[in-house]
Amino acid sequence: MAVVEMRRPRPAPARMRPGDVMRVGAVGLRTRPLRVFLSALGIAIGIAAMVGVVGLSSSSGAELDRQLSALGTNLLTVSAGSTITGEAAQMPKGAEAMIERIGPVESASSIAKITEAKVYRSEHIPQAQTSGLNTYAARLDLLDTVGATLHSGTWLNAATERYPAAVIGSSTAQRLGIGAAGPDTQVVVGGIRFTVVGVLKPVALATELDSGVLVGWPVAEERLGFDGHPTTLYTRSEEAKLESVRQVLAGTANPEAPNEVDISRPSDALAAKQATSQAFTGLLLGVGAVALLVGGVGVANTMVISVLERRAEIGLRRSLGATRGQIRTQFLVESLLLSALGGTGGTLLGTAVTTGYALYSGWPSVVPAWATIGGLTATLLIGAVAGLYPAVRASRLSPTEALSTP
């Protein structure tokens, strides 16, 4: 009678639940808090730099959009260019009236630069020290057309435009040391004392006004030798027909020499400025990526050292039945947790910096969701790559080799 040999089935290795994997992976982090903090700091700095740069750039763009929405993008500037011989061209006196007859034009106003009327704080200032300020004759409707606002005082009116009264730009006020308008505040324009009746806030779409002194059209003709020819006209038109108006402005403003007229759109300059800052943003993102890479190297270094220091622990776990896959998972999860800790801290830090700077600058705070999600995703990818080699190395240690390590 044959004897049937019964083989005892090999016990299946115990499976670790996700909660157990997380607890085992966090052991190394809890036992070495200082090393963990320093390693996570490298990741945090890289993520904070990237989130902060993207957030500040987005906040700046949102502020630009807000400004353009408030000021309008339908402003066109018509200015005198140069003649064929290179001399300064002259606009006709009736240019403003002719432009106003264009159907889609909603409003038009103008200024005229008075070159010979130099600006001084008082008669005691040397003539060479003009501070780069310009004198302009201005129409009464200029304020509304260019979207300017007053910091203090009032704008010119039908009465003050005929007398020595002036409204100064924000840069002019700063250079002349004038804090606010008042009946006792005066400047010397073309050798004549003008009372400062108003101070403008910075004018985003007409920056030339910031360093100017604006006086009434009649008083400029009577006392400053102004010939009545405008040098710059501002027009607002229907947004949908803006390009059509732009094509006929030169010929309308100066029918005899349309080639001597320059047309510009101030909002395009603001957009170009934003595009320049975007290029600088790309450079800063590159710096943040380098910092993130350095942080990943720090994580890899920490995990390699952790494997070397914990060989006895690895050998004990292997002798108690832990599989190579479980050891590999433990160290890989530890690396991911370390990177996630740095990524979360960096995201919070970058968001806080963006919010703080935006509030300080008066901007809307904007941190795109893709920046935070992308930053955390990049962190986990770096953690996985950085922890892969140490995890594989730990799983290949045999129990006897690990336990025999002093």
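In what follows, every heavy atom counts, from backbone to side chain, and hydrogens, waters and symmetry copies are set aside.
Counting only N and O atoms by type, the side chains of N254 and Q90 include no donor and acceptor under 3.5 Å apart. Using modelled atom types, one finds no donor on one side chain facing an acceptor on the other under 3.5 Å when comparing T83 with E260.
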Test side-chain contact (heavy atoms from CB on, under 4.5 Å) applied to N134 and V213, step by step: CA-CA 6 Å; N134 299 309; V213 173; over 6 Å; no
Derivation of the side-chain contact (heavy atoms from CB on, under 4.5 Å) call for K118 and Q127: CA-CA 8 Å; K118 304 299 183 182; Q127 292 186 358; over 6 Å; no
Candidate pair L75 and Y234, rule side-chain contact (heavy atoms from CB on, under 4.5 Å), full reasoning: CA-CA 7 Å; L75 180 69; Y234 305 95; 4.0 Å; yes
side-chain contact (heavy atoms from CB on, under 4.5 Å) evaluation trace for T235 with L76: CA-CA 5 Å; T235 68; L76 293 175; 3.5 Å; yes
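Here the straight-line distance linking atom CD of E116 with atom CG of L224 works out to 11.0 Å at 0.5 Å rounding. Here the CG-CG distance, from L156 to D141, works out to 11.5 Å after rounding to the nearest 0.5 Å. In this structure, CZ on F37 lies 14.0 Å from CG on L29, to the nearest 0.5 angstrom. From I382, atom CD1 reaches atom OG1 of T377 across 11.0 Å, with rounding to the nearest 0.5 Å. Rounding to the nearest 0.5 angstrom, the gap separating the CG atom in L41 from the CG atom in L341 is 10.5 Å. To the nearest 0.5 angstrom, T135 atom OG1 is 8.0 Å from F194 atom CZ.
A side-chain donor-acceptor contact under 3.5 Å links S152 to the backbone of A181. Looking only at distances, a side-chain donor or acceptor of H229 sits under 3.5 Å from a matching main-chain atom of M91. Under the 3.5 Å distance criterion, the side-chain polar atoms of W155 are left unmatched by any main-chain donor or acceptor of G198. No donor-acceptor distance shorter than 3.5 angstrom exists from the side chain of S58 to the backbone of V366, with no hydrogens or angles considered. Side-chain atoms of S395 come within 3.5 Å of backbone N or O of V392 as a donor-acceptor pair. At distances below 3.5 Å, not a single donor-acceptor pair connects side-chain atoms of S335 with backbone N or O atoms of L332. A distance-only check finds a donor-acceptor pair linking the side chain of R236 to the backbone of T145 [under 3.5 Å]. The closest donor-acceptor contact from the side chain of Q326 to the backbone of T323 lies under 3.5 Å.
Shortest non-hydrogen contact noted between T379 and S339 is CG2-O, 2.7 Å. Minimum heavy-atom separation, V78 to A253: CG1-CB, 4.0 Å. Nearest heavy-atom pair across A48 and L349 is CB-CD2, 3.8 Å. Nearest heavy-atom pair across A44 and G345 is CB-C, 4.4 Å. Of all heavy-atom pairs spanning L214 and A138, the tightest one is CB-CB, 4.2 Å. Taking both residues in full, the closest heavy atoms of P230 and A112 are given as CA-CB, 3.9 Å, listed atom of the first, atom of the second, then distance.
Side-chain atoms of T195 and T185, non-hydrogen and from C-beta on, never get closer than 4.5 Å to each other. Between L200 and L143 there is a side-chain heavy-atom pair separated by less than 4.5 Å. At least one side-chain heavy atom of L337 sits under 4.5 Å from a side-chain heavy atom of V333. Between L233 and T77 there is no side-chain heavy-atom pair separated by less than 4.5 Å. V199 is not listed as a side-chain neighbour of V167, based on a closest heavy-atom distance of 4.5 Å or more. Residues L376 and T347 have side chains in contact (heavy-atom distance under 4.5 Å, counting atoms from C-beta outward). Residues W363 and S59 form a side-chain contact, since some pair of their non-hydrogen atoms from C-beta on lies under 4.5 Å apart. Contact annotation: the side chain of I99 approaches that of L249 to within less than 4.5 Å [non-hydrogen atoms, C-beta and beyond].
With sequence neighbours excluded, the residues satisfying side chain to side chain donor-acceptor pair (under 3.5 Å) with S39 are T302. In this structure R193 satisfies the side chain to side chain donor-acceptor pair (under 3.5 Å) test together with E123, Q186, sequence neighbours excluded. Annotation: salt bridge (charged side-chain N to carboxylate O under 4.0 Å, His left out) contacts of R162 (sequence neighbours excluded): none.
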Return all side-chain donor-acceptor pairs below 3.5 angstrom for residues 352-360, not counting sequence neighbours, or 'none' if the list is empty.
{"from": "T354", "atom 1": "OG1", "to": "G350", "atom 2": "O", "distance (Å)": "2.9"}
{"from": "T355", "atom 1": "OG1", "to": "T351", "atom 2": "O", "distance (Å)": "2.9"}
{"from": "T355", "atom 1": "OG1", "to": "S365", "atom 2": "OG", "distance (Å)": "3.4"}

Below 3.5 Å, can you tabulate the donor-acceptor pairs from side chains in residues 169-180 to any protein atom, sequence neighbours excluded?
{"from": "T172", "atom 1": "OG1", "to": "D210", "atom 2": "O", "distance (Å)": "3.4"}
{"from": "T172", "atom 1": "OG1", "to": "G212", "atom 2": "N", "distance (Å)": "3.1"}
{"from": "T172", "atom 1": "OG1", "to": "G212", "atom 2": "O", "distance (Å)": "3.1"}
{"from": "R175", "atom 1": "NH1", "to": "S131", "atom 2": "O", "distance (Å)": "2.8"}

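Residue pairs meeting the ring-ring contact (aromatic ring centres under 6.0 Å, His included) criterion with at least one partner in residues 88-126, sequence neighbours excluded, do not occur; the list is empty.
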